[in-house]
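Chain letters run A, B, ... following the sequence lines, proteins first, then strands; residues in each count from 1. Predicted, not measured: the structure shown is a model, and the values here were computed from it.
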Amino acid sequence: MKHILNGNELIERGYAPGKTLGLALSLIEKGFEEFNKEELITLLLEVKAKPEQFIDHEILEKLATAIIEEAAAPVDETIALSAQATAYTVYGGDQIEEGARKQMNIAMRLPVSVAGALMPDAHQGYGLPIGGVLATRNAIIPYGVGVDIGCRMALSVFDISESHFHENEAQFKRELIAHTKFGAGHGFHGQYKADHEVLERAEFNLTPMIKNLHDKAYSQLGSSGGGNHFVEWGIIEFEKDDGALNIPKGKYLALLTHSGSRGFGATVAGHYTRLAKELCKLPQEAVNLAYLDMNSEAGQEYWLAMNLAGDYASACHEVIHKKLTKAIGAEVLARVENHHNFAWKEVWNGEEVIVHRKGATPAGKGVMGIIPGSMTAPGFLVRGKGETAAINSASHGAGRLMSRTKAIQNISRDQMRAILKEHKVTLIGAGLDEAPMAYKDINLVMDAQKELVDVVARFSPKIVRMADDGSRED
DNA sequence: ATGTAC
């Protein structure tokens, strides 16, 4: 090397480390033989101070251009992640895929993260894993709630015996077909549209975007959508009297529904995720965890819209249950419901936090919830034990064993028919991606969360309706 | 999860 000038000397004299420093060091090798070290430093500091005077310089033009560009570039607003992830508890660890753990590790490095937990049905999602619970300080993460805001379960227990149900299965199947609606984009039209007071809520006027969704929300009220959503008749068994629900031990007909906030919630989720990504710049590995400050206008807007979507999802279940209860002429003995894609303000370890449950069932002490299995595996009515390490949560189901594509490739129609026959389950709709074999063993998942919930009753699906195979439904 | 890309 011709010159004895090194990078550290330039940094000491006020050159910022990075692209321009490297450029300066390489360019001085292309000439300046007559310059001594001090003269070189003076020259380079001059370029840095007044780059515009050097933009026509034969050698230093590139350096001057880079300095001007750097000065014009916006300040890097990226929020740094903590080097160390805050510790969190994993339930059913040996059944949880690596991708879900990696995502949770990143979430636990957010500056707003207070506590987290992975439920035994956890698997990889966008941002926060499905089956992930995250408590934050004064921040709400749209992708920590999930795309289907207010996705939830609802159960009605009827005063109808198992034998009465079996003697009239054809009628129950008929009513299930008559009063439910499945498929992406689908809803009710004209006189078939349902009504509910949620449609009168003032929050529908919160923003023009939300106002524009009112018609769609009206039309889709009481519909179920697609994917893993279902409406099913089944038999629920209480092995002992339940005082809280006032249900004597025994078997009853029950209706179990799984669906969310349809197109309304999906559009709200998409809008505020995009907004959060604009307002909250995070490193590449964490972009889908962009959060909104709860005190900001956007944060407050999302909070109201999310709660509206949650109430709308609840209303959809209520409409389905009312229609079917009326159709079969039954009396409802008990009703249980819960969100499993939502965020709540809760106190955890003495601090008010925002608890995000993305595919997780609230399981505070004494809180009832529903954890479905699959179309042939049992679902469970549970009572939370209020486990602090799990942030008062439990799994939201069995969790997937195979991705949708893998299930379609690996499971045959015959296998599907055989397992339905074996469990005496009648199925309307559904593709192979929802086959029972695509899911983990719910019994193993329940075993892994004995510290989180007690089982109150066991639900066995009998007549299940889901959306037809994806692609062509029109 | 959702109509088809704000």
Side-chain angles (χ1 to χ4, degrees), chain A residues 121-132 141-154 180-189 206-231 257-279 287-288 290 292 298 301-302 305-306 308-310 312-314 316-317 320 339-343 356-360 372 396-397 399-400 403-405 407-408 429-431 433-434 438-439 465-474:
Chain A
D121 61 339
H123 52 102
Q124 205 173 324
Y126 278 107
L128 196 66
I130 319 295
I141 306 170
Y143 261 148
V145 169
V147 175
D148 189 6
I149 299 171
C151 186
R152 69 204 314 272
M153 303 300 304
T180 62
K181 180 77 82 181
F182 282 84
H186 291 203
F188 297 94
H189 302 284
L206 192 63
T207 69
M209 189 270 305
I210 292 168
K211 200 182 181 114
N212 279 338
L213 293 169
H214 189 271
D215 283 356
K216 175 182 268 192
Y218 185 13
S219 160
Q220 295 187 328
L221 182 67
S223 65
S224 297
N228 56 3
H229 290 175
F230 59 76
V231 178
T257 50
H258 177 208
S259 53
S261 52
R262 309 290 289 102
F264 174 64
T267 310
V268 168
H271 177 84
Y272 288 98
T273 292
R274 208 167 39 252
L275 192 57
K277 284 180 176 179
E278 283 169 20
L279 296 173
V287 284
N288 287 327
L292 298 168
E301 235 178 67
Y302 175 76
M306 178 196 78
L308 179 59
Y312 173 74
S314 174
C316 286
H317 285 259
I320 298 167
H339 288 318
H340 54 220
N341 276 14
F342 211 62
H356 302 73
R357 293 190 181 87
K358 185 185 193 181
H396 82 310
R400 276 195 172 274
S403 67
R404 292 186 179 281
T405 27
I408 292 163
D433 49 350
E434 286 302 325
Y439 285 91
R465 187 175 192 192
M466 300 186 86
D468 289 330
D469 284 71
S471 50
R472 38 168 190 79
E473 289 174 38
D474 287 337

Checking A:Tyr143 now: which residues fulfil side chain to side chain donor-acceptor pair (under 3.5 Å) with it, not counting sequence neighbours? none

Tell me every residue that passes side chain to side chain donor-acceptor pair (under 3.5 Å) with A:His340, counting only those two or more places apart in sequence or in another chain. A:His258

Please report the distance, rounded to the nearest Å, between [atom1] in [X] and [atom2] in [N].
| X | N | atom1 | atom2 | value |
| --- | --- | --- | --- | --- |
| A:Leu213 | B:dG3 | CG | P | 10 Å |
| A:His396 | B:dA1 | NE2 | P | 8 Å |
| A:Asp148 | B:dG3 | CG | C1' | 15 Å |
| A:Ile149 | B:dT2 | CD1 | P | 13 Å |
| A:His186 | B:dA1 | NE2 | P | 16 Å |

Pull out every residue in residues 263-279 of chain A that has a heavy atom closer than 4.0 Å to any atom of DNA chain B, ordered by number, or say none. A:Gly263, A:Ala266, A:Arg274

Contact class for A:Gly260 vs. all strands (heavy atom < 4.0 Å): base, sugar-phosphate, or nothing? nothing

State which residues pass ring pair (Phe, Tyr, Trp, His ring centres under 6.0 Å) with A:His339; sequence neighbours excluded, sorted by chain then number. A:Phe342

List in chain and number order the residues that pass ring pair (Phe, Tyr, Trp, His ring centres under 6.0 Å) with A:Tyr272, two or more places apart in sequence or in another chain; answer none if no residue qualifies. A:Tyr302

Using the side-chain contact (heavy atoms from CB on, under 4.5 Å) criterion, which residues pair with A:Ala430? Sequence neighbours excluded. A:Met375, A:Leu427, A:Met466

With a 4.0 Å cutoff (strictly under), does any side-chain N or O of A:Asn341 reach OP1 or OP2 of B:dA1? no

